[in-house]
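Below you'll find the structure, written out as C-alpha cells, and then a few comments.
None of the values given here were measured: they were computed from a predicted structure. We count ligands from 1, going down the list as the structure has it; atoms in each ligand are counted the same way. Reckoned from all heavy atoms, side chains included, excluding hydrogens, waters and symmetry mates.
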Amino acid sequence: MARIAYFGPQGTFTEQAARVLAAGDELVPAETIRLALTAVRHGEADAACVPVENSVEGAVTATLDGLSDADPLVAVAEAILPVHFSVLKRPGTTEIRTVASHPHALAQVRDWLEANLPGATPVASSSTAAAAVGVHAGDFDAAVTAPVAVEHYPLEVVATGVADVSDARTRFLLVRKPGELPEPTGADRTSIVAAAVNRTGTLAELLTELASRGINLTRLDARPTRDNFGEYRFFIDFEGHVAEPRIIDALAALRRRCRNLRFLGSHPRADGIRSTIEPGADNDSFLDATAWVDAVRKGDLA
Ligand SMILES: O=C(O)C(=O)Cc1ccccc1
C-alpha cells in the first residue's frame, strides 16, 4: 500500500481530494503544503496530494513555490472538487467574534460573512481543518471548513453549502518523485515552470513557441524568483502530453529559450477535455515533417 502525504490535518478539502486520487492507500496528514512535498522528497511518503488552483482565488502559491524549489517533483494525476463550505462553532457559543480559515476559503465566503456574521473578524489559519482545531481549542469562535470537518471535530454546524460563487472548484495534484509517467490519453495536461532572461519580449517568445505549434494554454501564473527583485518565473499549463511529438518539439524549443526550465508533469485531465488540435499541428504532421527532413538528409528526397 502506498503512503500518501496530504495537506491536512484530517478534514481538509485536500484530504477529500486524496481519497479520490489515492483510494485505498494510506493517507498521512502534513501540517503544511511544503511539509507534504518534503515528505515525498525525503522518501517518507510515495506521493503527496496538494491543492494547486482555485476557480475563484487562482493559484495556490505555496504549491507553486514548493514545486519550483528544491528537488524536482512531477504531477501524475489531478482531481477537481466542487468547493462549498460549512461554518462550524463550539457548542454553546452564542456570539461569534472571530471566524478562522485558510485564506482561500475566507476569500470565497467574504460576501456570506458580511451578510451573516457582520461583526466577526476573519482570521487566517494554515488550513480549513486547522481552523476547526483552533475553534475546538477555544482560539476562535467559528471556522469555515470543508463539509467533512464536522465528522472529525466536535463542533456544531452554523451553516452549510456556503459559497459566494456557487460553482467554485479547486484542482488538486498528486505529485511524486520523477519516474514513470502516466500514459497519454488525448485529454492530458502538461505543466512547466520557466525562468526566462529579463529582456524585451521574452514571455511573448515563450508563449509563441506554444502558440505556433497549436498548443492551447490552460493556466499562466508568474511568481518572483526571490533572488532578484523584478525577476519572475512563469508557471505554464497547457493541453497535451510530453509523449506527443508536438509537445516534445515545443519543450525542446522552450528549453533553448529558457535560463531554467523545469518539467512539472503530464497527466490526464480530471475534466476529460480533449486537447485542441489545430490544422497542421497534429502529431502525425510533426512526425511526417521529421520523416521528410530525415529523408532529405539521407539524400532520398529533395
Ligand atoms: O484548507 C483546506 O481544506 C485545503 O485543502 C485548502 C483549500 C482551502 C480552500 C479551498 C480549497 C482548498
* To do: Around atom 8 (C) of ligand 1, find the nearest protein heavy atom and jot down its residue, atom name and distance.
  => His102 ND1, 3.8 Å
* Just which atoms of ligand 1 are under 4.0 Å from any heavy atom in Phe7? -> 4 (C), 6 (C)
* Asked: In terms of atom number and element, which parts of ligand 1 are under 4.0 angstrom from non-hydrogen atoms of Ser127?
  -> 1 (O)
* Between Arg110 and Glu114, is the closest basic N to carboxylate O distance under 4.0 Å? -> no
* Asked: How does Thr14 reach ligand 1, by side chain, by backbone, by both or by neither, if only non-hydrogen atoms under 4.0 Å count?
  -> both
* To do: Please identify each residue that fulfils side chain to side chain contact (heavy atoms under 4.5 Å, CB included) with Arg269, with sequence neighbours left out.
  => Glu78, Arg189, Thr218, Glu239, Asp271, Ile273
* Nearest non-hydrogen partners of Pro103 and Ser125, listed with the distance -> CD-O, 3.6 Å
* Salt bridge or not for Asp237 and Arg171, using N-O below 4.0 Å? -> yes
* To which protein heavy atom is atom 3 (O) of ligand 1 closest, and what is the distance rounded to 0.1 Å? -> Thr128 OG1, 2.4 Å
* Asked: Taking both backbone and side-chain atoms of Asn54, is any N or O found less than 3.5 Å from an N or O belonging to ligand 1?
  -> no
* What residue pairs, at least two apart or across chains, pass ring-ring contact (aromatic ring centres under 6.0 Å, His included) with a residue in residues 44-70? -> none
* To do: Find all atoms of ligand 1 within a distance of less than 4.0 Å from any non-hydrogen atom belonging to Thr170, and give their numbers and elements.
  => 11 (C)
* Ion pair Glu156/Arg90, N-O distance below 4.0 Å -> no
* Nearest-neighbour protein heavy atom for atom 7 (C) of ligand 1, which is reported as residue plus atom name and distance -> Phe13 CD1, 4.3 Å
* Please work out which of Pro103, Ala62, Ala105 has its closest non-hydrogen atom nearest to atom 9 (C) of ligand 1. => Ala105
* Charged N-O contact under 4.0 Å between Lys177 and Asp71 -> no
* Any N or O on Ala129 sitting closer than 3.5 Å to an N or O of ligand 1? -> no
